[in-house]
Amino acid sequence: MSAKETVPAAVANFVDERTGAAKWLKKNLTKVFPDHWSFLLGEIVLYSFIILLATGTFLTFWFDPSSKEVIYNGAYEPLKGLKMSAAYESALHISFDVRGGLLMRQIHHWAAIIFMAGMILHMLRVFFTGAFRKPREFNWVIGIGLLTLGIIEGFLGYSLPDDLLSGTGIRITEAIIQAFPVVGSYLAFFVFGGPFPGESFIPRIYTVHVLLLPGIFLALITAHLMLVWYQKHTQYPGPGRTEKNVVGYPLMPIYMAKAGGFFFVVFGVIALLGAIASINPIWMYGPYTPGQISAGSQPDFYMGWIDGLVRMAPPLETHFLGHTISWNILIPGLIVPGLIFTPMALYPWIESWITGDKREHHLLDRPRNVPNRTAIGAAVMMFFFVALLNGGNDLIATHFNSSINHIMWFARIGIFVLPVITFFVTKRICLSLQRADRELVLHGRETGRLVRLPHGEFVEVHEPLSKEELWKLTSHEQPGALALPETDINGVARRNRLVSKLRANWSASNAVQIQKPTALEIEDSSHH
Amino acid sequence: MSKELNPIENPGLPAHTPRQTDLDPKAEKRAERQVASLFMLSALSTVGFIYSYVWVKSDSYTFIPLLGDMNVQQLLLGLFMAGGFLFIGIGAIAWARQLMPDSEVIAHRHEFRSSDEDRKEFVETVKTQGAAAGIGRRPLIKRTLGAALGLVGLGPIVLLRDLGPLPGKQLETTSWKAGTRLVTDPGDRPIKASELEVGAVVQTMPELAPGEERTLNNTAKDPVLLIRLLPEDFNLDSERLSWTHEGIIAFSKICSHMGCAVALYEQQTHHLLCPCHQSTFDVTRAAKVIFGPAARPLPQLAITVDSEGYLVAKQPFTEPVGPSFWERNSQ
């Protein structure tokens with residue numbers, strides 16, 4: 001036998017005799033993954049995380065996380081002779097004196113933006129297609145955890161260079177910590193090692209940014225992927241696909257080549273962005289000093305919505321018995337984000353409680369077929385959109401020459417009104433799309449071909465759909481309303497009447513659907 | 001649950017349609033060459049990357065439309081790195097799509113729920129093994145263990161105490177004292193009232209004693225904005241009016257909302273605007289909040305002139321500067 005044949009066998013033998021992995025590998029190397037572009041979103045997040053680890057490690061070789069004051073004497077002329085922190089100086093050093101350093105900084109920052117954006121898009125895909133349903137609730141919760149930690153990790157990351165912009169962000173964070181009732185000023189003094197800004201914060205968040213949070217990320221991502229592996233991927237409904245199977249391509253070789261190739265593509269695209277698109281040019285902001293600020297101070301987009309909420313908050317403080325509670329900080333900075341993220345994490349259970357559906361689901365929903373969920377998702381997106389928009393109200397005002405006060409009032413009212421409008425509009429759109437599906441099933445596709453009949457009438461020829469297309473449009477379930485009697489099975493009145501009434505109403509609203517065609521109707525229509 | 005069953009039968013997996021590369025050996029060869037060329041391009045990019053690292057000067061800049069001034073070396077390194085990765089990726093995907101088998105396969109799923117028997121045995125195991133420890137029979141152990149576990153976490157929390165000092169009065173005090181001169185920032189030059197024209201704005205700091213250094217901690221609390229208006233523009237009560245000097249009024253520059261520097265002054269309207277959250281303060285009415293999320297005016301510093309005619313603080317701030325905190329007495 002040639003070496004080509006003996007070497008793999010020898011390696012396999014070596015590994016298997018020590019681990020007994022042959023059986024597991026044999027099975028899993030041909031594991032089937034369904035194919036769809038929207039399944040790539042999660043992959044983008046995973047790959048940008050790997051890029052973040054690699055480029056981040058590179059940056060730590062030069063970055064000095066210290067607030068010690070130094071005089072700048074590097075390659076960037078305009079800042080020469082200025083007092084600054086060692087952190088800012090070393091970030092400038094990476095940008096101007098280390099070959100490829102600026103590139104690595106920019107790739108790191110772009111990868112962070114794509115990491116966050118990818119996570120949000122992946123979450124939206126999972127939400128709108130119902131992929132979070134049983135048995136995948138754990139992964140939904142892990143995902144919400146990753147998203148929350150991602151916001152914090154990103155914020156700490158862009159705070160590290162200690163430039164004028166990021167220092168302003170730290171100042172705001174300090175004010176939020178200080179706003180905690182009772183313990184606020186103590187917490188702030190502990191976190192900052194004394195009064196703001198002190199010299200402890202940068203080295204402390206450095207440890208959190210490069211060790212603690214990445215460690216937690218690794219653990220959570222591993223658990224997330226193991227669950228995906230073990231539970232097998234969901235799939236979109238289609239011909240040949242059922243709740244009991246997975247239709248797709250085997251891991252080896254197709255997915256190895258495709259996913260491996262996709263990793264390189266993601267890295268390539270981010271490297272391209274890092275090469276040509278300047279991001280966070282810290283040398284333009286100058287070193288941080290609390291007495292100065294640059295106009296148009298903006299956080300990165302994943303923090304921008306909180307900033308937008310803070311901006312639109314009413315000027316409310318409570319003063320009593322010599323104490324102060326800053327509602328203008330607590331409400332937008334802590335209470336509202338908590339009120340949004342908690343139901344978000346619990347959503348899989350909320351939905352299954354309302355629908356009474358406790359079954360496993362592996363076939364995804366088309367968003368139009370679940371109008372209420374889709375409408376909730378759209379409404380929440382609108383909420384974040386208005387908040388984010390208000391986070392950039394100063395830039396909008398200067399770019400579009402409008403009044404900042406008008407934009408703020410628009411946001412203050414819009415944050416309540418627009419999500420409600422969005423809910424109803426989305427729901428109507430979903431129902432219209434269902435109606436269009438029904439039309440398509442019963443009357444076929446419009447071909448655009450006009451035919452004149454012998455008696456002079458013109459008709460457009462409709463082409464019937466194939467069996468596969470018909471299946472796609474009709475295979476979904478249409479839930480009925482949950483029957484919730486006033487009394488339980490023992491005839492005892494239910495406790496919490498209000499809650500069960502709410503549940504019944506919501507469930508009835510879920511059941512508002514355009515009736516999908518029956519077999520009889522399809523049969524009938526094929527005879528015209 | 002559903003109102004009716006599916007109106008049509010699942011038609012099953014559609015028949016596989018062969019690709020051009022499956023049918024035509026020429027197309028297959030062409031695809032193979034394409035993939036190989038992509039991999040070659042990646043290799044060339046890496047050579048280009050190393051060339052740029054070693055031989056391109058690191059301090060030359062060039063202007064590129066839309067992108068602005070770019071460092072040539074960083075740009076080339078980035079482009080070649082992107083090429084090195086992108087071409088491998090595109091090549092691998094092209095390989096998978098055009099040359100690897102593309103018929104879909106079906107794998108089966110199984111419900112995750114274990115069999116009733118297994119579940120019963122599991123519960124039994126937990127019960128019997130748990131009973132072996134006898135935790136139910138030994139409430140003393142159960143309770144003391146609970147107490148110990150509840151308390152043991154306190155150790156690490158207590159350890160965190162030394163992260164920082166207690167706040168004391170530090171949030172409530174600044175470096176300003178009666179008689180402290182206002183000096184320009186930057187420049188550290190004392191200011192005479194006559195130097196300020198109507199409409200002028202100057203950022204000031206408290207004057208340092210000889211040999212004293214200004215720390216960032218002080219810079220976070222001490223900055224004061226001096227603004228000169230026409231005295232008749234003011235709309236102040238008599239006390240606050242007495243804190244001004246010939247139309248010059250002084251406010252803390254640290255926003256009463258979240259501590260940003262309130263840096264934008266509109267001369268026409270006499271408004272101060274914080275660029276962080278757009279809180280707007282009316283200078284003529286003792287920095288009253290007229291818009292935005294701030295709940296309190298900017299603290300006003302009482303000023304006068306000393307014997308040499310330089311502006312000085314008449315007294316320290318009468319309230320804490322910067323954002324609110326629990327212990328702040330705002331009555």
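Chain identifiers are assigned alphabetically (A, B, ...) following the order of the sequence lines, protein sequences preceding nucleic acid strands; residue numbering begins at 1 within each chain.
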Subject >> Candidate pair Phe87(B) and Phe264(A), rule ring-ring contact (aromatic ring centres under 6.0 Å, His included), full reasoning >> reply: CA-CA 8 Å; Phe87(B) 290 124; Phe264(A) 283 99; over 10 Å; no
Original post:
Ile8(B) and Trp471(A): side chain to side chain contact (heavy atoms under 4.5 Å, CB included), yes or no, with the steps?
Top reply: CA-CA 7 Å; Ile8(B) 66 165; Trp471(A) 171 251; 4.0 Å; yes
Original post:
Between Leu163(B) and Val191(A), does a side chain to side chain contact (heavy atoms under 4.5 Å, CB included) hold up when you go through it step by step?
Top reply: CA-CA 7 Å; Leu163(B) 275 173; Val191(A) 170; over 6 Å; no
**OP:** Evaluate side chain to side chain contact (heavy atoms under 4.5 Å, CB included) for Asn6(B) paired with Thr474(A), printing each intermediate quantity in order.
**Re:** CA-CA 7 Å; Asn6(B) 288 319; Thr474(A) 56; 5.7 Å; no
**OP:** Show your working on side chain to side chain contact (heavy atoms under 4.5 Å, CB included) between Gln170(B) and Phe196(A) and close with a plain yes or no.
**Re:** CA-CA 10 Å; Gln170(B) 289 191 72; Phe196(A) 176 85; over 6 Å; no
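How far OG of Ser324(B) is from NE2 of His323(A): 13.5 Å, rounded to the nearest 0.5 Å. Here Leu75(B) contributes atom CG and Leu103(A) contributes atom CG; the two are 9.5 Å apart, rounded to the nearest 0.5 Å. Atoms CZ and CZ, from Phe263(A) and Phe85(B) in turn, are 6.5 Å apart once rounded to the nearest 0.5 Å. Between Thr219(B) atom OG1 and Gln292(A) atom CD the span is 9.5 Å, to the nearest 0.5 Å.
A salt bridge links Glu104(B) with Arg241(A): the distance from a Lys NZ or Arg NE/NH1/NH2 to an Asp or Glu carboxylate oxygen falls below 4.0 Å. Between Glu317(A) and Arg296(B) there is a salt bridge, with a side-chain nitrogen of the basic residue lying less than 4.0 Å from a carboxylate oxygen of the acidic one.
Looking only at distances, no side-chain donor or acceptor of Asn10(B) sits under 3.5 Å from a matching main-chain atom of Pro239(A). Between the side chain of Lys253(B) and the main chain of Gly291(A), a donor-acceptor pair closer than 3.5 Å is present.
Residue contact with chain B, scored on non-hydrogen atoms closer than 4.5 Å, involves the backbone and the side chain of Val269(A) alike.
Put simply, the side chain of Asp394(A) does not reach to within 4.5 Å of the side chain of Pro275(B), judged on heavy atoms. Counting heavy atoms from C-beta outward, Trp95(B) and Lys258(A) have side chains that stay 4.5 Å or more apart.
By the side-chain contact (heavy atoms from CB on, under 4.5 Å) test, Phe291(B) is found to be paired with Asn405(A), Met408(A), Trp409(A), Arg412(A), Thr280(B), residues two or more places apart in sequence or in another chain being considered. Residues satisfying the side-chain contact (heavy atoms from CB on, under 4.5 Å) test with Met252(A), not counting sequence neighbours, are Leu29(A), Met256(A).
Heavy atoms of other residues, nucleotides or ligands lying less than 6.0 angstrom from NZ of Lys31(A) number more than 12. Summarising the local packing, CH2 of Trp326(B) is surrounded by more than 12 heavy atoms from other residues, nucleotides or ligands at distances under 6.0 Å.
Residues Asp307(A) and His277(B) share a closest heavy-atom pair of OD1-NE2, 2.9 Å.
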